[in-house]
Every structure is written in C-alpha cells, then in structure tokens.
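Atoms considered below: every heavy atom in the structure, side chains included; atoms not considered: hydrogens, waters and symmetry mates. All values derive from a computational prediction rather than experimental measurement.
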Amino acid sequence: MGKRKTQRKNATMLDSDDDNSSVSSSSTMHSDRMSVSGTEEVELNKDSLLDEAVDNLYEKRGSTGEKALASIIEAFNSNLQHEFVEKKFATLLHRCLNSLKKGSSKEISLASRTVGLLALTIGPGDKAREILEESITPVSQAFKSGYESSKIASLLECLAIITFVGGIEPEETEKSMQIMWQLVHPKLGSNVITVKASAVVITAVVSAWSFLLTTMDRWSLSPKLWLESITYLSSLLDKDDRSVRIAAGEALEVIFEMGSLEKFATEAEGSNNGSVSEGNKSKEGLLHIQGLRAKILNQVRDLSVEAGGKGSAKKDLNYQRSLFKDVLEFLQDGYCPETSMKIGGESLQTSTWSQLIQLNFLRRFLGGGFTKHMQENEFLQDVFGFTPKRNLVGGEHVSNNLKRMYKSPNSVINKARTQHLNKQRMLSEGKKIGHFAVNVGDEDS
C-alpha cells in the first residue's frame, strides 16, 4: 500500500526539554552520592505508600478502597513500578479482582484501570497470561452488575489491554472481542435481557474491539463474523453521535487495511462447486459485498465534508472530516497516512492504520503516563519500534532525580559550576590588575 504524509490532530507533536547539561568532574562524584541517597529515600517512601495502599484494599469501607486504588494508579502512571510488582503482583491482582466482584461502580472502574496498568507494567509473559486467565470471568460478570457508562468503558479498556498484553492464541483474542461485541450486538435468547447501549458504551466497545482487531490475522476470523461486524459498523456511520461515527470509521479503517472485503469477494467467487443453486448464492453474496462497499464509500464521502451542525464541537468536527478524508483516500487510492509525534526528543512514527489505532488507544488509556511509559516501558517500545533518547552523563543513564539536579539552575551542582566559572573569569581578568586575582581566588565560596 502507498503511504502519505499527513498531520492529524490525533498525532499532536509532543516535545519535552531533553538537553543534557555537562558538569566538571570535581562536582560529579559529590552529586552522585547526594542523588543516590536522595533517590533511595524517595523510592523507599513511594514503596511504603504503595504498600499502605495495597493494605487498604482489604478494608471493607468502599471509600477507603477507592482512595487506595486511585493512589496506586497515580504511582503506576508516574513511574514503572517493576520492583513493587515483583513483590506484590499476586496480592494486587487478587485485591483488584475482589473489587471487580464486590465493589461500587467507581471502585470497579478504578480496579479495572489498575489491572490494565499492572499488565502493561509487567509486559508479555506468564504473569500477563495469568492476569488474562484470572480476570476474564470477573470482568465479564462485572459487565452485568450495572450499566453505568463510565464503569462499562473502564471494563472494556481493561479487557482490551490485558488481552493485548497477555493473549497468545488468536482464540483468546477472539473470545475477548466476542464478549465486547455482545454488549452492543447481543444474541437474543430466552434468558437474555437487552439494554439499549448509550453512545458512550457503543464508542467504547467499538474502540476496544478495533484495538484488538489490529492484532488479528484476517484469515483467522470467520466470514460470517466479518460480514456481521462490517454491516453493523456501516449502520453506526449514520448515527447522530459524532464519537460513535468516528469510532466506527476507525474500526472500518483496520478492516479495509486487512483486505477483508476482498477476502469475502474471493470466497464468494470460489464457493461455486458447479451447481446452479450454489452459483446463484455465490453471485448474490458477491453482489451484497460489492453493494456494502459502495454504501460505505458514499457514507465516508459524506462524512468527510459534513457541515457543522448547531452546537457541534469544532474540534470533533475537524477531526471527523480529517479522519474520513483519509479513509476515503485509502479506499480510492490505497494511501495510508503517516503520522509522527515527539517523545523526549525522539520521533514515534506510524505508517499503518493498525499502528495508529493502537497508538491512540494506548494514549487514551495511559493519559498523562503515556510519555513516561514510552520512554521506559520496553514492551510498548517493541510494539511501536520506538527507541527513546537516552540522557547520558559519563556514559551512564541518568535518573529523573539526577537529571533534575544537573539541570536545575538552583541545584548545588549548577551553583558550584557557576561559582567556578566566575572565579575563572575573575582570575583571567586579574592578570591585568595583579592582587585581585589572589583575593578572588581565595574568597570563601
């Protein structure tokens, strides 16, 4: 497929001050001792607060559990808690699962987010697989415990993340996708109670579903499931809610990129085994697929030039137009948009729809912790092929605390460097005025 440079609102450039400061060797050893001591105290303090938060998850009072989960989320967003996870993995996971089973809607939302962050911090492996296996039933049951939109959205994000990290077999991912799909497209039966999903829930379902779709081989899903999903997504393009239309458009991006409509056409043409009846069915199927593609093409074209309605947010409208213009160009010419964003002085780039969908989903989930994770989370770096810029002093990686000590104009190191440079300048000037050089050089700093 071709590629095209584009500047999209969902790929805003992120810049951070990442310049390195050089220091003299005379002050470096002293600063290292200070930074190590200070860092150890800070880390010990953070660990004790996290331990206390986990202990509070045993409290029966709901508000206590909610505060504890909120503090854990904050800690996981601000730093990758590898050592803490090594010690408290099982405890934290099972306390969160208990919250999913018995907690309030708010507590369920917070526990869902914590489980997702736990999986991202650990990365692929046995523990991530354990998270998926242990969590999928409680998450599925929590969907039925109430229909608050924010809670459902949090559970969907959690299910998507833990499957993305811990799912190994396609069947595991497909199972999670089916659980999501049932929320908006239930299979009716005698024991099924249907509830009309809100726009927030529909958007969350489609976003999480398409996020997992990016990991699937197009040939592993049945044509019936593909056709059902495409038909449903096409119907969402006609909905009044713009967020629903955008989510459906992003999902269709991935489907088109995977060539699923072409797959249907090939199977329809190849399904004729020689009988007249089968041949007619094959032609009917092919005509249906071609008609569906033409319908979607017209919908996409209309949405790419939609005029703003009363009360519509201009930002959302602009994004919708940009999105569907790109989809239209892809359908007509096969061009994928290339996007780029700055993270710590290095560019994170995408060149496929699947990469862009993954990037946007993870950015939304991690929020303010996205930059930190991209700079230090090796799993996410592998996902996007991103190599962060390293801050080096003497060839060693510099921690955030040490970097602040070097860069802050009020730091001991920089003050010492400034005094040293002032003395050197005065000494140089003192060559012309004699004894002033000695006086300045001996002055107590």
Hey, are the side chains of Met374 and Leu362 touching, using non-hydrogen atoms and a 4.5 Å cut-off? no
Main chain of [Y], side chain of [X]: is a donor-acceptor contact present, judged purely on distance under 3.5 Å?
X: Lys151; Y: Gly146; answer: yes
X: Glu130; Y: Asp126; answer: no
X: Arg321; Y: Glu306; answer: yes

What heavy-atom pair brings [X] and [Y] nearest, and what distance separates the two atoms?
X: Leu97; Y: Glu134; value: CD1-O, 3.7 Å
X: Val165; Y: Gly123; value: CG1-C, 3.6 Å
X: Val201; Y: Leu156; value: O-CD1, 4.3 Å

Does either side chain, that of [X] or that of [Y], offer a donor lying less than 3.5 Å from an acceptor on the other one?
X: Gln349; Y: Thr339; value: no
X: Glu338; Y: Thr350; value: no
X: Glu148; Y: Ser105; value: yes
X: Glu157; Y: Ser112; value: no

Let me confirm one number: the [atom1]-[atom2] distance from [X] to [Y], rounded to the nearest 0.5 Å.
X: Ile136; Y: Ile131; atom1: CD1; atom2: CD1; answer: 13.0 Å
X: Leu213; Y: Thr215; atom1: CG; atom2: OG1; answer: 7.5 Å
X: Ile122; Y: Leu93; atom1: CD1; atom2: CG; answer: 8.0 Å
X: Leu236; Y: Leu252; atom1: CG; atom2: CG; answer: 8.5 Å

[X]: what forms a side-chain contact (heavy atoms from CB on, under 4.5 Å) with it, not counting sequence neighbours?
X: Ser71; result: Ala53
X: Thr121; result: Phe76, His82, Val85, His373
X: Thr163; result: Leu132, Leu159, Thr173, Ser176, Leu212

So that I can tick it off, tell me whether [Y] and [X] are bridged by a salt bridge, with the cut-off set at under 4.0 angstrom between side-chain N and carboxylate O.
X: Lys127; Y: Glu86; value: yes
X: Glu133; Y: Arg129; value: yes
X: Glu329; Y: Lys325; value: no

For residues Phe164 and Phe211, establish whether the separation of their ring centroids is below 6.0 Å. yes
Taking the six-membered ring for Trp and the single ring otherwise, decide whether the centroids of Trp353 and Phe256 are under 6.0 Å apart. no
Within 45° of the axis and under 6.0 Å from the centre of the six-membered ring of Phe324, does NZ or CZ of Arg301 qualify? no
Within 6.0 Å of CD in Glu74, more than 12 heavy atoms from elsewhere: no
